Number of protein chains: 2
Amino acid sequence: MANRAKATIFDIAREAGVSKSTVSLVLQGSGLIRPETASKVRKAIEDVGYVYNRGAANLRKAHSNVIGMVINDLTNPFFAELAVGMERVFQSAGIVPFIANTAENPVRQEEVLKSLMEQGVAGLIVSPARGTTPGAFRRIETAGLPVVFAMRRLPESRIPVIAPDNHRGAYLATAHLIGKGHRRLVFFGGSSDLVVYHERLGGFREACETQGISDRDTLVVEGETSRRGGIACLETALAMAEPPTAALCFNDAVAFGAMLALRKRGLEPGVDFAIVGFDDVAEAEHYMPALTSVAVDSAGLGERAAHVMLKMIQSRTTRAEDHIGAVNLVVRESCGPDRRIRNRAAGSGGAA
Amino acid sequence: MANRAKATIFDIAREAGVSKSTVSLVLQGSGLIRPETASKVRKAIEDVGYVYNRGAANLRKAHSNVIGMVINDLTNPFFAELAVGMERVFQSAGIVPFIANTAENPVRQEEVLKSLMEQGVAGLIVSPARGTTPGAFRRIETAGLPVVFAMRRLPESRIPVIAPDNHRGAYLATAHLIGKGHRRLVFFGGSSDLVVYHERLGGFREACETQGISDRDTLVVEGETSRRGGIACLETALAMAEPPTAALCFNDAVAFGAMLALRKRGLEPGVDFAIVGFDDVAEAEHYMPALTSVAVDSAGLGERAAHVMLKMIQSRTTRAEDHIGAVNLVVRESCGPDRRIRNRAAGSGGAA
DNA sequence: TTGATTTATTGGAACGTTCCATTTAGTAGC
DNA sequence: GCTACTAAATGGAACGTTCCAATAAATCAA
């Protein structure tokens with residue numbers, strides 16, 4: 001069985017006593033060949049341990065069946081979820097997604113994109129690394145390859161974007177805190193080189209304005225988007241003269257960090273200080289106390305992105321509509337009312 | 001710029017006024033071409049927006065520069081870490097790893113492996129899905145493609161394995177619990193269709209035997225390897241007539257679940273009941289209480305697996321030594337001594 | 001000057017497939 | 001028995017590279 005040199009359709013042809021063209025037809029599941037011939041060929045394929053050479057095929061065929069998925073941080077379950085969502089729909093479309101991780105490194109991203117293109121992918125779904133230069137996708141665009149951005153967008157690009165409604169999510173969360181009676185609010189974590197940051201911060205600010213919280217009572221503490229960053233943010237905030245009583249965090253990791261830091265100081269999250277997260281990762285529900293967070297349905301967005309990509313490939317276009325996914329605030333235990341001014345609050349739905 | 005039909009080396013050749021062979025040589029960085037000619041060619045490449053067709057190249061070249069990484073569950077940060085470790089070393093070797101997720105589904109795994117082979121990968125690093133049939137890798141083996149298993153092994157396979165020393169890890173953890181004075185121990189989570197399960201359970205059992213804990217005082221509760229599974233395990237264990245006082249959990253997720261369930265019953269993990277996890281994911285350190293766990297260094301194992309693969313490719317072999325990675329127990333706060341029999345314990349290192 | 005040697009460049013065949021146009025065999029109509 | 005058609009199978013060219021052997025140009029030794 002299985003010679004050293006790998007088998008080709010010619011070997012199969014010889015084995016089955018037909019021509020290479022017939023083998024090719026069988027491989028493609030053409031209805032033109034007689035069933036008996038087909039099964040004879042299929043047996044030969046099995047016997048010689050043949051493996052299809054897609055590279056050779058793509059030389060003649062219009063499009064390949066692989067699409068590339070470029071993710072900025074696979075170790076963040078939030079993005080991993082996104083990838084998994086995409087995979088679900090591609091799988092049922094007979095497309096194989098290859099995932100590559102850029103580890104938030106634009107140089108690495110460049111390499112990965114290049115490699116994916118050379119491999120002849122039919123399309124690209126990208127969650128761009130922080131610090132991606134505006135021109136990074138020019139090559140790809142001029143090559144006419146369909147691309148969609150997921151979760152993140154680039155400042156001035158015309159590439160379609162699939163992302164959650166960050167502004168609204170932040171607005172809802174902030175409004176909730178204000179409704180609970182909080183009057184001194186802080187936004188924790190993130191940094192301004194991310195478009196998402198501005199979107200979320202924008203929602204936070206709008207809610208404050210709308211609901212009559214003055215600028216002097218809102219605070220913004222930038223920081224790493226990690227547990228560690230959250231810890232640092234909380235320390236900073238509580239060191240202030242008139243510290244805030246509630247925080248909207250850039251994401252759940254920051255929120256977990258903040259809660260940790262509260263505990264360390266003997267404060268109880270949700271009682272002594274209200275915390276709201278963003279993304280609603282699986283862990284949020286199981287935390288102690290369970291974290292109130294803005295659910296963005298990343299798997300759903302992944303599916304959406306995959307569908308958009310499928311449609312783009314099918315209609316051979318490189319344009320598509322943006323899709324802003326609905327978000328909703330999942331209220332759990334991490335954000336009770338402001339204890340010190342409980343009486344002042346007209347309070348919408350106020351269990352402690 | 002950039003015509004519709006994609007540019008080939010012929011287009012570049014015309015543009016630069018040289019032959020296709022010269023262009024090919026430049027592309028490969030051959031030292032044979034005059035520097036001025038080379039830069040002329042490079043300019044042309046830039047001008048026409050050329051993208052290299054690796055499929056065509058692989059038709060003639062011996063080996064491709066992509067290796068496939070097949071992961072059973074990308075949403076588990078533990079495996080994501082593994083992937084990231086591998087990526088680090090491949091990157092510096094000029095190899096592009098494509099990651100594919102099987103979502104613990106053997107059928108999906110089959111598809112993914114097939115696709116990767118068709119793509120002409122140079123090798124495969126696989127963390128096999130639960131329930132993988134013994135024959136699943138026969139095709140690949142007869143094709144002479146180098147494969148290494150990471151983290152998990154298949155019952156009777158000759159494919160090299162890179163994995164942590166599960167037995168020893170479990171032994172260490174169990175011995176630690178016994179040293180703390182616990183006499184009724186339980187093993188939480190996992191199921192017997194995983195080789196890893198038997199390894200870890202084996203370490204647990206050996207420690208119990210060696211240290212004189214009778215079979216009657218040890219308990220095994222199978223369950224999902226998730227938070228949910230951990231919750232269920234704890235409920236089962238505490239419902240018993242003479243419940244255990246300490247648990248070794250199959251992995252950290254199970255441990256988190258168990259701690260959650262303890263809290264729900266008003267019991268304090270680490271004080272009223274000792275919990276040890278396995279894997280030492282990032283979260284373990286930040287939990288409340290911080291989780292004692294067996295650190296396996298998954299990123300390090302990933303790097304190791306990548307190195308082994310590199311060596312296999314280089315020496316054109318399909319054999320390699322197994323590598324069992326060192327583990328160590330990271331003691332934190334989740335496993336104090338048995339309160340009820342504190343006096344009986346000779347106790348090695350016994351802060352509550 | 002001539003032949004030998006080195007340096008730079010080139011054309012052609014090959015890689016494993018698909019697709020098209022053609023051939024061959026089989027069936028129906030008359 | 002002939003033509004007209006359909007169904008099944010086939011050979012050849014093409015896809016975009018790499019590699020090898022061959023050429024052309026430049027340099028050197030005598």
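Proteins come first, then strands; the chains are lettered A, B, ... in the order of their sequence lines, and each starts at number 1. Scope of the values below: all heavy atoms of this structure, side chains included, with no hydrogens, waters or symmetry mates. All values derive from a computational prediction rather than experimental measurement.
- Close to dA8(D), at under 4.0 Å from its OP1 or OP2, lies no side-chain N or O of T37(A).
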Would E199(A) and R153(A) count as a salt bridge (Lys or Arg N to Asp or Glu O under 4.0 Å) here? Give the steps. CA-CA 11 Å; E199(A) 294 173 347; R153(A) 64 176 73 231; 3.2 Å; yes
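- The two residues L154(A) and T133(A) come nearest to each other via the heavy atoms CD2-O, 4.3 Å.
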Validation: residues 88-96 of chain A side-chain donor-acceptor distances under 3.5 Å, sequence neighbours left out:
residue, atom, partner, partner atom, Å
R88(A), NE, E303(A), OE2, 2.9
R88(A), NH2, E303(A), OE2, 3.0
S92(A), OG, V89(A), O, 3.0

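- Across the protein-nucleic acid pair, L32(A) atom CG and dA25(C) atom C1' stand 15 Å apart, rounded to whole Å.
- Legend: side chain to side chain donor-acceptor pair (under 3.5 Å) pairs involving residues 100-113 of chain B, not counting sequence neighbours, sorted by first then second residue: E87(A)-N101(B), N72(B)-E104(B), E104(B)-R152(B), R108(B)-E111(B), Q109(B)-T132(B).
- Atom CG of N53(B) and atom C1' of dA14(D) are 14 Å apart (whole Å).
- For the helix from dT1(C)-dA30(D) to dC30(C)-dG1(D), the rotation axes defined at the first and last 5 base pairs enclose an angle of 50°, given to the nearest 10°.
- Rounded to whole Å, atom C1' of dA14(C) lies 11 Å from atom CZ of F10(A).
- With dG16(D), dA9(D), dT17(C) as the choices, the nucleotide that has an atom nearest any side-chain atom of R34(A) turns out to be dA9(D).
- dC15(D) atom C1' lies 13 Å from atom OH of Y50(B), rounded to whole Å.
- L59(A) has its CG atom 12 Å from the C1' atom of dA14(C), to the nearest Å.
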Give each protein N/O atom lying under 3.5 Å from an N/O atom of nucleotides 18-20 of chain D, with the pair distance.
residue, atom, partner, partner atom, Å
dT18(D), OP1, Y52(B), OH, 2.9
dT18(D), OP2, S24(B), OG, 2.3
dT18(D), O2, R60(B), NH1, 2.7
dC19(D), OP2, Q28(B), OE1, 3.1

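- Counting only heavy atoms from C-beta outward, the side chains of E141(A) and V147(A) never approach each other to under 4.5 Å.
- In this structure, N65(A) atom CG and dT17(C) atom C1' are separated by 14 Å, rounded to whole Å.
- Within the 3.5 Å criterion, the main-chain N or O of E81(A) finds no donor-acceptor partner in the side chain of T75(B).
- For residues 312-324 of chain B, the set of pairs meeting the side chain to side chain donor-acceptor pair (under 3.5 Å) definition, not counting sequence neighbours, comprises R304(B)-H323(B).
- Between T22(B) and dT9(C), a side-chain N or O to OP1/OP2 separation shorter than 4.0 Å is absent.
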Please tabulate, one pair per line, all N/O donor-acceptor pairs under 3.5 Å involving side-chain atoms of residues 24-33 of chain A, not counting sequence neighbours.
residue, atom, partner, partner atom, Å
S24(A), OG, Q28(A), NE2, 3.0
Q28(A), NE2, S24(A), O, 3.2
S30(A), OG, L32(A), N, 3.0

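- In this structure, E118(A) atom CD and dG16(D) atom P are separated by 15 Å, rounded to whole Å.
- For F137(B) and F149(B), the distance between ring centers is under 6.0 angstrom.
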